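Every chain is numbered from 1 and lettered A, B, ... according to where its sequence line falls, protein lines coming before strand lines. Please read all numbers here as calculations on a predicted model, not as lab measurements.
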Amino acid sequence: MIKIKPGKCDFCGCCVAVCPVDCIELKEADISIDYNICIDCKLCLYICPIEVFEDVETAEV
Amino acid sequence: MWRQRKFDLIVVGGGPAGTTAARYAAKAGINVLLLEKDRDIGVPVRCGEAASDEGLRIFVEPDPRWIKSVITKLRLISPNGRTIDVDLKQKGYILDRRIFDYDLAQYAAVEGAQIVCKAYVDGLLFDGDKVSGVKGEYLGEPFEVKSKLVIGADGVESRVGRWAGLNTVVKMKDMESAIQKTISGIEVNEHRFDFYMSREWAPGGYLWIFPKGPNAANIGLAVSGKYSRFRSAQRYLDDFLQKTFPDGSVVSTTVGGVPCDKTLKKFITHGLMLAGDSAHMVNPMTGGGIVPGMRGGMLAGETAAEAIKEGDTSEKYLNRYAKKWHKVGGRNHERFYSIKETVSKLTDEELNSICDAVEKIPPEERTIGKVFRKAIFKKPSLLVDVMKVFAGV
Ligand SMILES: Cc1cc2nc3c(=O)[nH]c(=O)nc-3n(C[C@H](O)[C@H](O)[C@H](O)COP(=O)(O)OP(=O)(O)OC[C@H]3O[C@@H](n4cnc5c(N)ncnc54)[C@H](O)[C@@H]3O)c2cc1C
Ligand code: SF4
Ligand code: SF4
């Protein structure tokens, strides 16, 4: 499952653009994933220029 | 108060596409509201800030306040370090986009558009199947505002289009994962764009050095989503900076995604048009999206005004915007996309041999036109195409 490392995101929108189910929300300085919608495809993890996401076991989220 | 009013047009996003759309729509006499989620127009800058004089002049008179460097030369650096210098026929600029974007917003405001920052849009309003306004959050308070038309100029995220059922998702191979650092305290040629093309430095993309005066530069790179999963853009850039400018000071870092795709097949629906990055209007070869975004914005803004005056905001009527884009702005788009596809498949050896061949042409004869006529080597047309496209960033 995808986890957001706190304090790292630059709010650039790159991950939002590739997310197939539109479950990432970026406000001015706030990022969140709606886990009810996320399909765990990991594209956000693969595209983020600065490694904000990590892939963890479900229990850790 | 804007929250109590009804508008002819709401523009979502205050980048070059949004502010230009608002400007041309307001100029044509309709009332316009522009909503931007960030605190300031123009900040943060997510851009190498390169634009051609010719491209900008379609919309604005270049202003010395926002020009950091005037560019007259272009250098391509091959994987094995060979350099090819070419004089640009049309000069280019490195802008200060904080001032530039702010001025674009000013032009819109002067024409009568109302601009609101810190206004986050999180959904659309509908009247049947027709978009009829937006909803969101302003300073922590929810709002809903009605309009006859909406233009989504929300950049790479392009969620406004998704909410209306358009497919705006960028395919991984066409998404460039980008990072740039502004490095100060270094020596650079202040009149030259440098492009490094190599799988080693930036697979499926390229690395750029865009000077901001003689002692600072925007140094960045973009890696295709096809490769970024194996190694992040940040790691590629840190490697390059470590090797090339180990003593420079990093005065700014920015990251972003550049949708290097063909323009969306469908970027219009009842009551809604998309413009700029949100419609994938970036030049897919260079990643340059300032001028294309402004062009899309202008065409969308003008079409909005015509639609309001005619009282017809149907998809069918708005489709004239798509036609105009494909005729004027999108003319070369498909060609650029296919050049990108070809270049991204070249191996470093192939790039080296192309550069070796061009290097044999005497520098004084190396204008783009002459390279085109004189070069007889492996893939001459391809290289010339690449240069031509870069020359008009
Ligand atoms: C690292 C990098 C380098 C680049 N270098 C160059 C270059 O040298 N030359 C060039 O021409 N192009 C360059 N580009 C591309 C260029 O920056 C973009 O194409 C251009 O900014 C697109 O303009 P736009 O108006 O479509 O979108 P943007 O400039 O991205 O503006 C979109 C705006 O919408 C706002 N927004 C988004 N969602 C919402 C919402 N829900 N509610 C309210 N507001 C919202 C955003 O905050 C943003 O201000 C580069 C891009 C990157 C990432
Ligand atoms: S894992 Fe896939 S679905 Fe989940 S947030 Fe990332 S991109 Fe979206
Ligand atoms: S791609 Fe990375 S930096 Fe950009 S918004 Fe997503 S998590 Fe943040």
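Here the closest non-hydrogen pair linking B:Val156 and A:Cys14 is CG1-N, 4.3 Å. In terms of heavy atoms, A:Glu25 sits closest to B:Asp122 at OE2-CB, 4.3 Å. Of all non-hydrogen atoms in B:Gly256 and A:Pro49, the two that sit nearest each other are O-CG, 3.9 Å. Contact detail for A:Cys19 and B:Val169: the closest heavy-atom pair is O-CG2, 4.2 Å. Of all non-hydrogen atoms in A:Glu51 and B:Ser232, the two that sit nearest each other are OE2-OG, 2.5 Å.
In this structure, the side chain of B:Lys37 engages the main chain of A:Leu26 through a donor-acceptor pair within 3.5 Å.
To the nearest 0.5 Å, the span separating CZ on B:Arg159 from CD1 on A:Ile24 amounts to 9.0 Å. Remark: A:Asp22 CG to B:Arg162 CZ distance equals 4.5 Å, nearest 0.5 Å. Rounding to the nearest 0.5 angstrom, the gap separating the SG atom in A:Cys48 from the CD1 atom in B:Ile179 is 9.0 Å. Expressed to the nearest 0.5 Å, how far CZ of B:Arg46 lies from CG of A:Asp10 amounts to 4.5 Å.
Every salt bridge (Lys or Arg N to Asp or Glu O under 4.0 Å) that B:Arg98 has, sequence neighbours left out, goes to B:Asp96. The side chain to side chain contact (heavy atoms under 4.5 Å, CB included) search around B:Ala217 returns B:Ile186, B:Val188, B:Ile209, B:Ile219, not counting sequence neighbours.
For A:Val52, no part lies under 4.5 angstrom from a heavy atom of chain B.
For chain A, the option among B:Arg39, B:Glu157, B:Glu176, B:Glu137 with the highest count of heavy-atom pairs below 4.5 Å is B:Glu157.
Within a 6.0 Å sphere centred on CZ of B:Phe143, heavy atoms belonging to other residues, nucleotides or ligands number more than 12. In this structure, B:Lys262 places its NZ atom where only 12 or fewer heavy-atom neighbours from other residues, nucleotides or ligands lie under 6.0 Å away.
Within the 4.5 Å cutoff, no side-chain heavy atoms of A:Phe11 are placed close to those of B:Asp38. No side-chain heavy atom of A:Lys42 sits less than 4.5 Å from a side-chain heavy atom of B:Arg229.
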